[in-house]
Amino acid sequence: MNNSFYITTPIYYPSGKPHLGHAYCTLACDALARFNRLEGKNVLFATGTDEHGQKIQQKADELKITPQEYVDNMRKDFKTLTPLMNFSNDDFISTTEERHKKAAQEMWKRLEKAGYIYKSTYSGWYCVSDEAYFTEEELVDGKSPDSGNPVEWMEEDSYFFKLSAFTDKLLEFYEQNPDFIQPEIRRNEIISFVKQGLQDISISRSKFNWGVPVPGDEKHVMYVWIDALTNYLTVAGFPEKDITEFWPANAHVVGKDIARFHCIYWPAMLIAADIPTPKTVFVHGHWVAEDGRKMSKSLGNVIDPYEVVEQFGQDQLRLYLLSAITFGGDGSFSRDAFIAKSNSYLANDLGNLFQRVLSFAHKNFDGKIPALGELTDEDKAFLANFEGLADRVKAQMDDYKINSAIEEIWTCVRAANKYMEEQHPWTYKKEDPAKCGHILRVLMESFKFLACLTEPFIPTGAAKLANQLGYEKLTLADLNELISLQEGKEFDKPEGVFARIQIEEA
RNA sequence: GGGCUGGUAGCUCAGUUGGUUAGAGCAGGGCACUCAUAAUGCCUUGGUCGUGGGUUCAAGUCCCUCCCAGCCUACCA
């Protein structure tokens, strides 16, 4: 079996600053990528920017700079998401890179050779001010539905991809690969859409030139589809290298707004080019504001990830986004719920657990890991929670149930607090220090499971927790031995890892 | 118009192929404890499972009606 795992975010269109939606999508991929690394897999996790197109060219023109200068600048903003959120992406692809131009052109050639590309004319009602085409049905009183400005019938030479040839092939493909589109609701939507029959899509433009040139016809540049979607192959090494190490990708994680392109166009193109299809396109939902409305500047209800991280912390934001909603569904960002979750899960449950045990042990056992006595039935029952934890978390993660995975872990966090309470080691501090130490030691052994398995979700804090136990870095392999700490080994005096968020400010 | 989701305790949600007194977290109330970040543990309040029918020995869990919310219905990622 292949021991690699390849996961991607969409490549983001850098016509504005990155926002919560970008951060969220990459975050979900990051958690999945990190978990697979813990398993010891060879992971490739990629994100990037989609830098071609008329809009970019137009923005650059307005600023009187070249499109390349414009995207070079905008790309920097998107790259700041990685340190902000502590993302672990292995690659950051830009469509203006040379390696990508080669890949996109190779993709084009293969489609052309296979007979799925033809030249014709693209026509429709074009609104000059909107720079967009509309269909007959979309027009309002014969004018642009967006701006109300007049439209004119335009025709332009364009290359087309024979998507229409794939209606039945795709339906069969979905049938044979039930996990290709997740979750179920998106799968249903896509299938019912395809059942209506597919039309060919226009894949080149000649009105602007900021794009990958069409092989053999320099008057045309590729329109978004082939250019953008092929990025996933570029990262895997196409067409230069043997791509089989990471291709087919395990998952493309995308927002529901771009589900169709990934669930229909992309597999059709791959089938046409005789390239294996990715295993899964996972479609996630969107975050709306607390009032249930879309976040927008004019409503003033935008949640800015940069501000949240600065004010409350990176792990806090990560945990909230990953655990507050079912992965795949929509969510509303509630400030109160965010604070409640951060305090309850991080400060009270997990952070305080480590602090109460480790500071107690440090103070009373000379800063050394205390000795373990005979395991009692209670000890065994307690530790049994942790023995199967990695498998339970894995089962949820493999099924893209990120929030359920987190719940599995917190069930054990609560069990540890409960064990501490029931064993009340403080009562043995004087009369029976060995028993006191034994109890703390049992807890410390359980901690390595927690420090390890929380890492995909709250990497910064989890690393600190691991350090407190004396580990540089933990992987699932470190969890094979239930008892593995070294008696007598010194450990640092612990410091609180997750601070409580005070609720004074209104 | 057609299609897809969902409507379960104050809040956010779990509820496998229908089967004992419907669960969790948070919030609320009471108690306990002191190792800890006024943290933790225990107990507890709270639900006619959207509506009205039906199938069944048995339905939150299947079928039908209706109400409510959201989403999809192509080339502006």
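First the proteins, then the strands, lettered A, B, ... as listed; each starts at 1.
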When rounded to the nearest Å, what value does the distance between C1' atoms of B:G10 and B:G47 take? 11 Å

Partner lookup for [N], please. Criteria are Watson-Crick or G-U wobble with both distances under 3.5 angstrom; report none if nothing qualifies.
N     : value
B:A59 : none
B:G41 : B:C31
B:C4  : B:G70

Are A:Arg414 and A:Tyr345 in a cation-pi contact, defined as NZ or CZ under 6.0 Å from the six-membered ring centre and within 45° of the axis?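 Geometry flag: set, cation within 6.0 Å and 45°.
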
Given [options], identify the nucleotide with an atom nearest to the side chain of [X].
X        : options             : result
A:Glu189 : B:G3, B:A36, B:C75  : B:G3
A:Trp426 : B:U5, B:C33, B:C75  : B:C33
A:Thr326 : B:C13, B:U40, B:G41 : B:C13

According to a strict under-4.0 Å criterion, is A:Asn188 in side-chain N/O contact with OP1 or OP2 of B:C72? no

Under 4.0 Å: is that the gap between some side-chain N or O of A:Lys418 and OP1 or OP2 of B:C42? yes

Quick one: does A:Tyr320's side chain get under 4.5 Å of A:Phe312's, heavy atoms only? no

Donor-acceptor pair under 3.5 Å, A:Asn352 side chain vs B:A39 base: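 For A:Asn352, whose side chain was compared with the base of B:A39, there is no donor-acceptor pair (under 3.5 Å).
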
